[in-house]
Engineer: 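Mind looking over this structure? Questions follow.
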Amino acid sequence: MPRQPTFAQLRAFAAVAEHLHFREAAAAIGMSQPALSGAVAALEETLDITLLERTTRKVLLSPAGERLAVRARSVLETVRELVEEAEAARAPFTGALRLGVIPTCAPYLLPTVLRLIREQFPDLEPRVHEERTAELLEGLTGGRLDALLLAVPLGHPGVIELPLYDEDFALVLPHGHPLAGRRDIPRAALRDLDLILLDEGHCLREQALEICQEAGREAGATMAASAAGLSTLVQLVAGGLGVTLLPRTALKVETARSEELATGFFADPAPTRRIALVMRTGTARAEEFETLARALRRALRPLPVRISRP
């Protein structure tokens, strides 16, 4: 039989194909750069084909390399699923749980989530990754992550959403603003407010823009400012630059940062978002994650949310 490529060779090649940089690829898979280069060279020798075009400045995939990179990723994913299936069959709720969380959930949910895992699933080893939605979905479908906590619906193929709760949005305003303290703010008020939102790429920004458009705000209306995170966002509000929308789970933590902040609540029905535990379609840990979702719904009841039905 012809020589067969090894798992290590395929893993090294797939990393280089993704990063197109030997040092970055080596760091991504925890391999030394010389070992990674040797593995890729050995794979080319085994297959008797040139996979990479190397120059002094960059690395490119050859036409054959582009085709075989797809195959290599498929093989690695199949092996990962085999190992995952074996782990799930051997002992559920053990080993690593690579959990992805969006930034607008992480600070407010993780204390409850991690405490639940520690108390009810002590043999799980949570490894938390805070990233934006697009990166999390790529990590989930690519096998880098096991499950996600993020806003849904996603409309993304290959994933299953297990709804956890719905939460209302509230307005955060400068102290003394005419809408401060009100609990009956009409959505139409969003048409004329000086809004401050998160930077592009955050799902909360897209949700806020959608809410504003539903309220009749022009799609191209200028925003007062933008920020990379919620903490900066509320400081801009405290500085008098405008107002912003925050989910109720973030309200207590973020408004406590300044005495110059006030809140206002929308008249029913208030704009909302839904948070879910998301897993890959066909994952061997589906039953495990469904159990985790049920436990999370119970644990999250003290938060200012409406728990979803299974």
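When a residue number appears, it is its place in the shown sequence, counting from 1. All values below come from the heavy atoms of this structure, side chains included, with hydrogens, waters and symmetry mates left out.
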Engineer: Does any N or O in the side chain of Thr283 come within less than 3.5 Å of the main-chain N or O of Met279, such that one atom is a donor and the other an acceptor?
Structural biologist: no
Engineer: Should side-chain heavy atoms under 4.5 Å link Ile, Leu, Val, Met, Phe, Trp and Tyr, which residues sit in the same cluster as Leu136?
Structural biologist: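 Traced through the cluster, Leu136 reaches Ile102, Leu137, Leu140, Leu145, Leu148, Leu150, Val152, Leu154, Val159, Val278.
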Engineer: Please step through side chain to side chain contact (heavy atoms under 4.5 Å, CB included) for the pair Leu292 and Leu116, ending with a clear verdict.
Structural biologist: CA-CA 9 Å; Leu292 178 60; Leu116 167 72; 4.2 Å; yes
Engineer: Do any N or O atoms from the side chain of Glu260 and from the backbone of Pro174 form a donor-acceptor pair under 3.5 angstrom?
Structural biologist: no
Engineer: Among Arg273, His202, Gln207, which one satisfies side chain to side chain donor-acceptor pair (under 3.5 Å) with Thr104?
Structural biologist: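 Answer after filtering Arg273, His202, Gln207: Arg273.
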Engineer: What distance do Leu164 atom CG and Ser308 atom OG have between them, rounded to the nearest 0.5 Å?
Structural biologist: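 So the CG of Leu164 and the OG of Ser308 are separated by 6.5 Å.
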Engineer: Any chain of hydrophobic side-chain contacts (each under 4.5 Å) joining Leu47 to Val70?
Structural biologist: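 In one cluster with Leu47: Val70, no.
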Engineer: Tell me, with the steps shown, if Arg205 and Asp199 meet salt bridge (Lys or Arg N to Asp or Glu O under 4.0 Å).
Structural biologist: CA-CA 7 Å; Arg205 175 188 175 90; Asp199 293 337; 5.8 Å; no
Engineer: Does Thr244 use its side chain to pair, donor to acceptor, with the backbone of Ile196 at less than 3.5 Å?
Structural biologist: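 Pair found, side chain donor or acceptor close to backbone of Ile196.
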Engineer: Counting only heavy atoms not in Glu287, do more than 12 sit closer than 6.0 Å to its CD atom?
Structural biologist: no
Engineer: Between Arg274 and Asp166, is the salt bridge (Lys or Arg N to Asp or Glu O under 4.0 Å) condition met? List the steps.
Structural biologist: CA-CA 4 Å; Arg274 173 166 290 181; Asp166 296 320; 2.7 Å; yes
Engineer: Hey, are the side chains of Glu288 and Phe93 touching, using non-hydrogen atoms and a 4.5 Å cut-off?
Structural biologist: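 Counting from C-beta outward, Glu288 and Phe93 do come under 4.5 Å.
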Engineer: Return yes if some donor-acceptor pair links the side-chain N/O of Ser37 with the main-chain N/O of Gln33 below 3.5 Å, else return no.
Structural biologist: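 Between the backbone of Gln33 and the side chain of Ser37 there is a qualifying donor-acceptor contact (under 3.5 Å).
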Engineer: When you compare the side chain of Phe289 with that of Leu277, does any pair of heavy atoms fall below 4.5 Å?
Structural biologist: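 Touching, per the 4.5 Å side-chain cut-off.
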Engineer: Is any side-chain heavy atom of Glu254 less than 4.5 Å from a side-chain heavy atom of Leu246?
Structural biologist: yes
Engineer: For the pair Arg80 and Glu77, find out whether any cationic side-chain nitrogen is under 4.0 Å from an anionic carboxylate oxygen.
Structural biologist: yes
Engineer: Quick one: does any side-chain atom of Ser62 pair with a main-chain N or O of Thr50 as donor and acceptor, under 3.5 Å?
Structural biologist: yes
Engineer: Considering non-hydrogen atoms only, spot the tightest contact between Ile211 and Pro271 and give its length.
Structural biologist: CD1-CB, 3.6 Å
Engineer: Identify the two heavy atoms, one from Pro247 and one from Leu204, that lie closest to each other, and give their separation to 0.1 Å.
Structural biologist: CD-CD2, 4.1 Å
Engineer: Between atom CG of Leu60 and atom CG of Leu51, what is the distance when rounded to the nearest 0.5 Å?
Structural biologist: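 If we round to the nearest 0.5 Å, Leu60:CG and Leu51:CG are 13.0 Å apart.
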Engineer: Apply side chain to side chain contact (heavy atoms under 4.5 Å, CB included) to the pair Gln120 and Thr291, showing each step before the final yes or no.
Structural biologist: CA-CA 11 Å; Gln120 295 192 28; Thr291 299; over 6 Å; no
Engineer: Using every non-hydrogen atom in the two residues, find where Val253 and Arg257 come nearest and quote the distance to one decimal.
Structural biologist: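 Minimum heavy-atom contact is O-CG, 3.8 Å.
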Engineer: I want to check something: taking the side chain as every heavy atom from C-beta on, are Leu251 and Pro304 in contact at a cut-off of under 4.5 Å?
Structural biologist: no
Engineer: If you compare all heavy atoms of Ala72 against all heavy atoms of Leu10, which two are closest, and at what distance to 0.1 Å?
Structural biologist: CB-CD2, 4.2 Å
Engineer: Starting from the C-alpha separation in whole Å, work towards a yes-or-no answer on side chain to side chain contact (heavy atoms under 4.5 Å, CB included) for Leu68 and Leu61.
Structural biologist: CA-CA 10 Å; Leu68 293 182; Leu61 289 174; over 6 Å; no
Engineer: For Thr112 versus Ala299, what's the shortest heavy-atom pair and its separation?
Structural biologist: CG2-O, 3.6 Å
Engineer: Calculate, to the nearest 0.5 Å, the distance between atoms CD and CD1 belonging to Glu167 and Ile275 respectively.
Structural biologist: 5.5 Å
Engineer: Checking side chain to side chain donor-acceptor pair (under 3.5 Å) for the pair Ser74/Arg71: CA distance, chi angles, key distance, verdict?
Structural biologist: CA-CA 5 Å; Ser74 177; Arg71 292 286 190 180; over 6 Å; no
Engineer: Within the structure provided, determine whether Val101 and His129 are in side-chain contact (heavy-atom separation under 4.5 Å).
Structural biologist: no
Engineer: Calculate, to the nearest 0.5 Å, the distance between atoms CD and CD belonging to Gln9 and Glu44 respectively.
Structural biologist: 10.5 Å
Engineer: Could you tell me if the side chain of Phe7 sits less than 4.5 Å from the side chain of Val75, heavy atoms only?
Structural biologist: no
Engineer: How about Asp184 and Phe266: do any of their side-chain heavy atoms sit closer than 4.5 Å?
Structural biologist: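 No - every pair of side-chain heavy atoms lies 4.5 Å or more apart.
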Engineer: Look only at the side chain of Arg280 and the backbone of Gly142, and say whether a donor-acceptor pair between them is shorter than 3.5 Å.
Structural biologist: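 Flag not set: sc Arg280 to bb Gly142 has no pair under 3.5 Å.
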Engineer: Heavy-atom distance under 4.5 Å between the side chains of Leu149 and Val113, does that happen here?
Structural biologist: yes
Engineer: When rounded to the nearest 0.5 angstrom, what is the spacing between CD1 in Ile49 and OG1 in Thr46?
Structural biologist: 12.5 Å
Engineer: For atom CZ of Arg306, is the number of surrounding heavy atoms from other residues, nucleotides or ligands below 6.0 Å larger than 12?
Structural biologist: yes
Engineer: Does Asp168 offer a backbone N or O that forms a donor-acceptor pair with the side chain of Thr272 under 3.5 Å?
Structural biologist: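 Absent.
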Engineer: According to a hydrophobic-cluster definition based on side-chain heavy atoms being under 4.5 Å apart (Ile, Leu, Val, Met, Phe, Trp, Tyr only), do Tyr108 and Val128 belong together?
Structural biologist: no
Engineer: Is Leu99 reachable from Leu162 through a run of I, L, V, M, F, W or Y residues, each pair having side-chain heavy atoms under 4.5 Å apart?
Structural biologist: yes
Engineer: Would you say the side-chain atoms of His19 pair up with the backbone N or O of His21, donor to acceptor, closer than 3.5 Å?
Structural biologist: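 Absent.
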Engineer: Please find the pair of heavy atoms, one from Arg73 and one from Ala14, that lie closest to each other, and give the distance.
Structural biologist: CG-CB, 4.4 Å
Engineer: Distance from His175 atom NE2 to Thr255 atom OG1, nearest 0.5 Å?
Structural biologist: 13.0 Å
Engineer: Indicate, with yes or no, if Phe169 and Ile307 share a hydrophobic cluster defined by side-chain heavy-atom contacts under 4.5 Å among Ile, Leu, Val, Met, Phe, Trp and Tyr.
Structural biologist: no
Engineer: Step through the shown structure and confirm whether more than 12 heavy atoms of other residues, nucleotides or ligands are within 6.0 Å of CD on Glu66.
Structural biologist: yes
Engineer: Can Arg127 and Glu125 be counted as an ion pair, charged N to O under 4.0 angstrom?
Structural biologist: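 Yes, charged N to carboxylate O under 4.0 Å.
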Engineer: Please evaluate residues Leu173 and Leu261 with respect to the criterion side chain to side chain contact (heavy atoms under 4.5 Å, CB included), reporting the C-alpha separation (whole Å), side-chain torsions for both, the decisive distance (0.1 Å), and the verdict.
Structural biologist: CA-CA 6 Å; Leu173 317 108; Leu261 294 169; over 6 Å; no
Engineer: Please answer whether the main-chain N or O of Pro269 pairs with a side-chain N or O of Arg187 as donor and acceptor at a distance below 3.5 Å.
Structural biologist: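 Side chain of Arg187 to backbone of Pro269: a pair is present.
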Engineer: Arg98 side chain to Arg144 main-chain N or O, any donor-acceptor pair under 3.5 Å?
Structural biologist: yes
